[in-house]
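Following: one structure in structure tokens, then a few remarks.
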Amino acid sequence: MKLQIVTPRRGLEWVRQAFHVFTRQPLSFATLFAICLFAFLMLGLVPFVGSIAVLILPPAGSLLFMIASRLASAGAKPMPMAIVELAGAGRTRLLALLKLGLVYAASTFFVFWLAGVLDGGALEALFDALPDAKTTSEAAAARVADPRLQFGLLLRLVFAGALSVPFWHAPALVYWGGQGWAKSLFFSTVALWRNKGAFAVYGLAW
């Protein structure tokens, strides 16, 4: 597997290709999205274990859409073949993908915990106050206007963006490249850094 260096304008081409692939099989992609959303919602209803599973599954979920995109580009129907293909990935790759999910869950928990510490618990205080019948609209508005809350939300956005860098290509590197979870995170980061111009244009285009 060889790293490709592309020009910044390639970011616009990625967006165009995304729409092209989607329009080839819109119903299949919509169905896949609905299935993933339903699975996440159902897991979210399971106390503790379900919440952890929701944090572990995003790398596998992103890989599922990568497989679906590859199938659609080849003229095949993504559903249900994307799910079948991922399920048959083999023990080694599925185990590496699970490890990737565990690292993602731990990293997400850490950065959001850190954001909660840095904003003084403003977001948590807002969530605690909203269900309380004694909380007046004025008190709720005051909490929303708290600069610490705005700072905390910005921190979470920045942390989530930074966390996406090592995990952007990692599932694909595990699945198609046969790499371990640690190497996939490293090379995903290198790939984005070496092509930061294209990814900047890609983000701005969206």
Side-chain angles (χ1 to χ4, degrees), residues 8 11-12 14-15 18 29-30 32-66 97-171 181 184-186 188-193 195-206:
L12 287 174
W14 291 337
V15 176
F29 279 108
L32 183 58
F33 177 77
I35 290 173
C36 290
L37 182 61
F38 179 77
F40 274 73
L41 290 175
M42 290 298 101
L43 286 171
L45 297 177
V46 180
F48 187 68
V49 176
S51 300
I52 295 176
V54 167
L55 291 177
I56 292 174
L57 286 176
S62 65
L63 176 59
L64 192 59
F65 278 91
M66 293 180 198
L97 196 60
L98 174 60
K99 291 178 180 178
L100 200 62
L102 290 170
V103 174
Y104 182 82
S107 302
T108 302
F109 177 82
F110 173 75
V111 297
F112 277 78
W113 169 82
L114 181 60
V117 171
L118 295 176
D119 73 3
L123 183 61
E124 184 179 353
L126 175 64
F127 287 151
D128 290 341
L130 288 179
D132 192 343
K134 296 180 181 179
T135 302
T136 63
S137 57
E138 291 79 8
R143 288 186 181 276
V144 171
D146 187 345
R148 295 181 305 166
L149 177 65
Q150 310 304 322
F151 174 67
L153 292 174
L154 180 60
L155 270 181
R156 286 167 174 82
L157 181 62
V158 171
F159 286 163
L163 189 60
S164 72
V165 171
F167 286 93
W168 196 298
H169 295 108
W181 67 269
S184 71
L185 292 173
F186 173 77
S188 174
T189 304
V190 171
L192 263 76
W193 177 252
N195 291 287
K196 52 186 176 295
F199 279 98
V201 171
Y202 174 79
L204 290 172
W206 279 110

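In what follows, residues are counted from 1 in the order of the sequence shown. As the structure is a computational prediction, the values presented were derived from the model and not from experiment.
Applying the side chain to side chain donor-acceptor pair (under 3.5 Å) criterion to N195, with sequence neighbours excluded, gives no partner residue. For A53, the side chain to side chain contact (heavy atoms under 4.5 Å, CB included) partners at least two apart in sequence or on another chain are L43. Partners of W193 according to the side chain to side chain donor-acceptor pair (under 3.5 Å) rule, which considers only residues two or more places apart in sequence or in another chain, do not exist here. Every residue two or more places apart in sequence or in another chain that forms a side chain to side chain contact (heavy atoms under 4.5 Å, CB included) with F186 is listed here: V190. Residues passing the ring pair (Phe, Tyr, Trp, His ring centres under 6.0 Å) test with F159: none are found, sequence neighbours excluded. Remark: A60 pairs with L97 by the side chain to side chain contact (heavy atoms under 4.5 Å, CB included) rule, at least two apart or across chains. Among residues two or more places apart in sequence or in another chain, the side chain to side chain contact (heavy atoms under 4.5 Å, CB included) test is passed with S62 by M66, P171.
Considering only heavy atoms from C-beta on, F151 comes within 4.5 Å of L118 through its side chain. Proximity of L155 to V111: side-chain heavy atoms (C-beta onward) are nowhere separated by under 4.5 Å. In this structure the side chain of H169 never reaches within 4.5 angstrom of the side chain of T189, judged on heavy atoms.
Sorted by first then second residue, the side chain to side chain donor-acceptor pair (under 3.5 Å) pairs that include residues 97-108, not counting sequence neighbours, number zero. For residues 50-59, no residue pair satisfies the side chain to side chain donor-acceptor pair (under 3.5 Å) rule, not counting sequence neighbours. Among pairs with a residue in residues 148-159, those fulfilling salt bridge (Lys or Arg N to Asp or Glu O under 4.0 Å) read D119-R156, D146-R148, at least two apart in sequence or across chains. Counting only residues at least two apart or on different chains, no salt bridge (Lys or Arg N to Asp or Glu O under 4.0 Å) pair has a member in residues 42-55.
The CZ atom of F29 lies 8.0 Å from the CZ atom of F65; values are rounded to the nearest 0.5 Å. Rounding to the nearest 0.5 angstrom, the gap separating the OG atom in S164 from the CG atom in L192 is 7.5 Å. Interatomic distance, F33 CZ to L64 CG, rounded to the nearest 0.5 Å: 12.5 Å. Considering CZ of F40 and CG of L45, their distance stands at 13.5 Å, rounded to 0.5 Å. Once rounded to the nearest 0.5 Å, the distance linking CD1 of I52 with CG of L57 reads 12.0 Å. Between the CG atom in L149 and the CG atom in L153 there is a gap of 4.5 Å [rounded to 0.5 Å].
The minimum heavy-atom distance linking L55 with A105 is given by the pair CB-CB, 3.6 Å. The minimum heavy-atom distance linking A205 with L12 is given by the pair CB-CD2, 3.7 Å. Residues A170 and L185 approach most closely at CB-CD2, 4.0 Å, considering heavy atoms.
In this structure, W168 and Y202 have perpendicular ring planes: the angle between them is above 60°, well past the 30° mark.
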Step-by-step side chain to side chain contact (heavy atoms under 4.5 Å, CB included) determination, L100 to S184: CA-CA 9 Å; L100 200 62; S184 71; 3.7 Å; yes
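When the shell of 6.0 Å around CD of E124 is examined, it contains 12 or fewer heavy atoms from other residues, nucleotides or ligands.
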